[in-house]
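Throughout, protein chains are lettered first and strands after them, A, B, ... in sequence-line order, and every chain is numbered starting at 1.
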Amino acid sequence: MIDVKLLQKNFDETASALMRKKVSADIITELKTANENLKTAKLAYETMQAKQNELSKLFGQYKKEGKNTDELKIEVDNNKATLNDLLETQRAAEETLDAIIMRVPNIPDADVPDGADEEDNIEIKKVLTPPAFAFTPREHWELAEANGWIDFERGVKLAKSRFSVVLGMGARLERALINFMLDFNRERGFMEVSVPMLVNRRALEGTGQLPKFEDDLFKIEDEELYLIPTAEVPITNLYQDEILNAAELPIKMCGYTSCFRKEAGSGGRDVRGMIRQHQFHKVELVAITRADQSDAVFEEMVACASDLLSALGLPHRLVTLCTGDLGFGAAKTVDLEVWLPGQNTYREISSVSNTRDFQARRAKIRYKEEGKNLLAHTLNGSSLAVGRTMVAIMENFQQEDGSIIIPTVLQKYL
RNA sequence: GGGUCACUGGCAGAGUGGUCGAAUGCACCGGUCUUGAAAACCGGCGAGGGUUAAACCUCCCAAGGUUCAAAUCCUUGGUGGCCCGCCA
């Protein structure tokens, strides 16, 4: 969540930054009022509590000295009643503030371009040239079925639409990709972790998926557990409620998990093929850093994803997301879009974000430096989405006869 | 899933209704001593909120409750150990 103190102290500046991310002026004002109300309520409650504590001590003294406590008891009882009222007021104020602030997105970095949607994202650079074909390149679902790599119908039979089954060489390629990605990232200093794919509410609040995006999550019936939409959730929350030593930062991790998304609101987009599935595999990078390290680690993570694509021989481009396309928790995001000849366009395959202290404040991830506790910065990025990488391999390396050449870096994993 | 015992500061570990945010030891930080280090000695040393700074408030797994007063008593939940059951 955002720093309310900052809003309080620096109202105009913070408000206009939030408005770049389409937060209404009303909500910002509400937030400010709610915070002021809470402060007042707290002060009143604590003052009364101080009095009560004092009276209690006095009571103990009276008892010890054998003095009469009747009168004191009345005073203490009265006090208690007001104390309870004040506590109620304080709790209500807390709830009000919480309800608002948990739904307010992060403040975008100053250098994030203004814009309405993905049309306004800014291309940073292109890497590798899209291949030229002597024939009309086909889309991945045709290739996948022709090669017997993916069975879309049977996936639907087992679960529902947007589920598929990968088989034969397709399944082996998937496994090879995962191993290749994990090794690649580990060599760049990202420690491999294997984490739960079901998490509780607290974890999802920590990284910002809840309370606002409940509709996109699969929830386990009768349990406070959800299927993770990304490994960012369990990996980042590994350090929830912890105070780390400044010297042990940055902590850089990578993990492979399945991810589950309801894709509510994605309408009829990408219904065909495996671009947008309810369940997909992803290797994720997560970093916990000191405040002064996050920019450098961010670049490292972008390079990691880009170099991985290059190693696979996949043409791609890097774009900086504009304010309108920026995710809820991100202060800054660079997307990597891979070239898909079948669709004749670049499609997102990785997204690297710096959330600065937004998640850390929610999840209470801090570090101690020179005796002070400071909020950490958290970053996450895909490296890469496995299904989409398979799509890219199929489309970029397809031959006229429909066969697919597998990148040489993957040979040893097959 | 059932039973049972436990959960206190970085760690170990006292504290079982009142001045306890919490003894003591270890670790850690600063100082004295020393050519330097070790040892010894002296001092400091949990977290969050709040304040210019203080005062003050909260936190002894969590949430409730009893009480004028809870680390201490009660209830529920969580986690861990052991026993039983079940299982990949």
Side-chain angles (χ1 to χ4, degrees), chain A residues 1-10 31-32 34-98 100-102 194-206 210 220-226 234 237-249 251 258 288 290-291 357-376:
Chain A
M1 60 189 135
I2 64 155
D3 186 357
V4 209
K5 269 193 216 160
L6 192 70
L7 180 74
Q8 208 67 255
K9 219 185 271 179
N10 236 333
L31 194 60
K32 190 176 186 234
N35 187 236
E36 280 162 1
N37 287 345
L38 177 61
K39 270 183 121 170
T40 314
K42 248 188 170 164
L43 188 68
Y45 175 65
E46 285 180 5
T47 309
M48 191 52 73
Q49 214 159 20
K51 193 174 171 192
Q52 187 75 340
N53 286 343
E54 213 164 302
L55 289 177
S56 267
K57 268 189 192 173
L58 202 61
F59 197 101
Q61 249 179 48
Y62 276 30
K63 280 271 182 199
K64 213 181 209 171
E65 294 164 10
K67 285 194 197 166
N68 183 292
T69 52
D70 292 354
E71 216 171 294
L72 193 56
K73 173 101 164 75
I74 294 167
E75 196 181 348
V76 137
D77 284 346
N78 285 341
N79 235 343
K80 203 178 178 183
T82 23
L83 200 56
N84 282 336
D85 290 347
L86 288 171
L87 180 62
E88 272 318 302
T89 313
Q90 199 212 99
R91 280 195 179 157
E94 239 160 29
E95 260 170 52
T96 309
L97 177 65
D98 233 46
I100 304 169
I101 199 168
M102 287 298 272
S194 178
V195 290
M197 296 188 213
L198 269 70
V199 295
N200 56 32
R201 234 193 128 75
R202 173 78 216 280
L204 287 154
E205 283 169 352
L210 286 179
I220 306 293
E221 215 179 344
D222 301 327
E223 297 261 5
E224 268 299 286
L225 288 173
Y226 298 79
N237 278 289
L238 239 29
Y239 295 98
Q240 167 199 105
D241 275 326
E242 292 192 29
I243 297 169
L244 301 156
N245 201 319
E248 56 187 312
L249 299 178
I251 296 173
S258 295
I288 317 276
R290 284 192 268 125
D357 61 13
F358 185 83
Q359 293 179 327
R361 186 172 290 107
R362 291 173 159 241
K364 292 207 175 77
I365 304 171
R366 292 163 293 178
Y367 63 98
K368 195 181 269 293
E369 192 169 49
E370 286 165 10
K372 277 191 177 169
N373 294 325
L374 304 165
L375 287 168

Enquirer: Take R91(A) and A50(A), find for each the nucleotide of RNA chain B with the closest heavy atom, and name the residue whose nucleotide sits nearer the 5' end.
Expert: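 So the residue in question is A50(A).
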Enquirer: To the nearest 0.5 angstrom, please state how far the CD1 atom of I365(A) sits from the CG atom of L374(A).
Expert: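 I365(A) atom CD1 to L374(A) atom CG measures 14.0 Å (nearest 0.5 Å).
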Enquirer: What integer number of Å spans the P atoms of U72(B) and C7(B)?
Expert: 11 Å
Enquirer: Ignoring hydrogens, what is the shortest heavy-atom contact between N237(A) and A203(A)? Give both atom names and the distance.
Expert: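 So the minimum-distance heavy-atom pair works out to ND2-O, 2.7 Å.
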Enquirer: What distance separates L210(A) CG from L204(A) CG, expressed to the nearest 0.5 Å?
Expert: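 L210(A) CG to L204(A) CG: 4.5 Å, rounded to 0.5 Å.
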Enquirer: Which residues in residues 68-84 of chain A have at least one heavy atom lying under 4.0 Å from any atom of RNA chain B?
Expert: K73(A), V76(A), D77(A), K80(A)
Enquirer: Could you tell me which residues satisfy side chain to side chain donor-acceptor pair (under 3.5 Å) with N35(A), sequence neighbours excluded, listed by chain and number?
Expert: Q8(A)
Enquirer: Considering only the C1' atoms, how many Å lie between G13(B) and A23(B), rounded to the nearest integer?
Expert: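 These two C1' atoms come out 10 Å apart once rounded.
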Enquirer: Show every salt bridge (Lys or Arg N to Asp or Glu O under 4.0 Å) that has at least one partner inside residues 195-205 of chain A, sequence neighbours left out.
Expert: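 The answer is R201(A)-E205(A), R201(A)-E214(A), R202(A)-D241(A).
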Enquirer: Please give the distance between the P atoms of C59(B) and A70(B) as a whole number of Å.
Expert: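 About 9 Å, rounded to a whole number of Å.
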Enquirer: Tell me what K368(A) touches on the nucleic acid: a base, only sugar-phosphate, or nothing, going by heavy atoms under 4.0 Å.
Expert: sugar-phosphate
Enquirer: How long is the gap from CD1 on I2(A) to CZ on R361(A), to the nearest 0.5 Å?
Expert: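 Reported value, rounded in 0.5 Å steps: 8.0 Å.
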Enquirer: Who are the ring-ring contact (aromatic ring centres under 6.0 Å, His included) partners of Y367(A), not counting sequence neighbours?
Expert: none
Enquirer: Using the test side chain to side chain contact (heavy atoms under 4.5 Å, CB included), find all partners of L83(A) that sit at least two apart in sequence or belong to another chain.
Expert: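 Result, side chain to side chain contact (heavy atoms under 4.5 Å, CB included) vs L83(A): Y45(A), M48(A), Q49(A), Q52(A).
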Enquirer: Heavy atoms only, 4.0 Å cut-off, all strands: where does K364(A) land among base, sugar-phosphate and nothing?
Expert: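 Nothing, no nucleic acid heavy atom in range.
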Enquirer: Nearest 0.5 Å, what's the CE-CE distance between M102(A) and M1(A)?
Expert: 6.0 Å
Enquirer: Using the P atom on both, measure G80(B) against U8(B) and round to a whole Å.
Expert: 14 Å
Enquirer: Under a 3.5 Å limit for both distances, which nucleotide forms a Watson-Crick or G-U wobble pair with C68(B), could you say?
Expert: G18(B)
Enquirer: Would you say D98(A) and T96(A) make side-chain contact, with heavy atoms under 4.5 Å?
Expert: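 No, too far: nothing below the 4.5 Å cut-off.
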Enquirer: When all nucleic acid strands are considered with a 4.0 Å heavy-atom cut-off, which category describes R361(A): base, sugar-phosphate, or nothing?
Expert: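 Here R361(A) touches no strand at all.
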Enquirer: For atom P, what is the distance between U51(B) and G3(B), given to the nearest Å?
Expert: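 So the two P atoms sit 49 Å from each other.
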Enquirer: Paired with A6(B) by Watson-Crick or G-U wobble geometry, both distances under 3.5 Å: which nucleotide is it?
Expert: U79(B)
Enquirer: Would you grab the first and last nucleotide of RNA chain B (5' to 3') that comes under 4.0 Å of any non-hydrogen atom in chain A?
Expert: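 First-to-last contact on RNA chain B, by the 4.0 Å heavy-atom rule, is G18(B) to A69(B).
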Enquirer: Who does A40(B) pair with, Watson-Crick or G-U, both distances under 3.5 Å?
Expert: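 By the stated definition (distances under 3.5 Å), U32(B) pairs with A40(B).
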Enquirer: When you measure from every atom of RNA chain B, which of residues 1-9 of chain A have a heavy atom less than 4.0 Å away?
Expert: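 Hits under 4.0 Å, by residue number: K5(A).
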Enquirer: Please name the nucleotide paired to G1(B) by Watson-Crick or G-U wobble geometry with both distances under 3.5 Å, or report none.
Expert: C84(B)
Enquirer: Report the distance from atom OH of Y226(A) to atom CG of L198(A), rounding to the nearest 0.5 Å.
Expert: 11.5 Å
Enquirer: Determine the interatomic distance between P on G15(B) and the same-named atom on C29(B); round to the nearest Å.
Expert: 31 Å
Enquirer: Under the salt bridge (Lys or Arg N to Asp or Glu O under 4.0 Å) definition, can you give me all pairs with a residue in residues 35-51 of chain A, not counting sequence neighbours?
Expert: K32(A)-E36(A)
Enquirer: Side-chain polar contacts of residues 84-95 of chain A - donor-acceptor pairs under 3.5 angstrom, sequence neighbours left out - could you list them?
Expert:
{"from": "T89(A)", "atom 1": "OG1", "to": "D85(A)", "atom 2": "O", "distance (Å)": "2.9"}

Enquirer: Give every donor-acceptor pair under 3.5 Å between a side-chain atom in residues 65-72 of chain A and any protein atom, sequence neighbours left out.
Expert:
{"from": "E65(A)", "atom 1": "OE1", "to": "K67(A)", "atom 2": "NZ", "distance (Å)": "3.4"}
{"from": "N68(A)", "atom 1": "OD1", "to": "D70(A)", "atom 2": "N", "distance (Å)": "2.8"}

Enquirer: In whole angstrom, give me the gap between the C1' atoms of U24(B) and C45(B).
Expert: 15 Å
Enquirer: Can you list, in residue-number order, the parts of residues 195-203 of chain A that come under 4.0 Å of RNA chain B, counting heavy atoms only?
Expert: none
Enquirer: Quick check on RNA chain B: between F59(A) and K63(A), whose nearest nucleotide comes earlier from the 5' end?
Expert: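 Its nearest nucleotide being more 5', the pick is K63(A).
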Enquirer: Quote, to the nearest angstrom, the C1' distance that separates C83(B) from A12(B).
Expert: 27 Å
Enquirer: Could you let me know what A53(B) is paired to, Watson-Crick or G-U wobble, both distances under 3.5 Å, or none if it's on its own?
Expert: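 Answer to the pairing question: none, since A53(B) forms no Watson-Crick or G-U pair.
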Enquirer: Applying side chain to side chain donor-acceptor pair (under 3.5 Å), name anything that partners D3(A), two or more places apart in sequence or on another chain.
Expert: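 D3(A) satisfies side chain to side chain donor-acceptor pair (under 3.5 Å) with no residue once adjacent residues are dropped.
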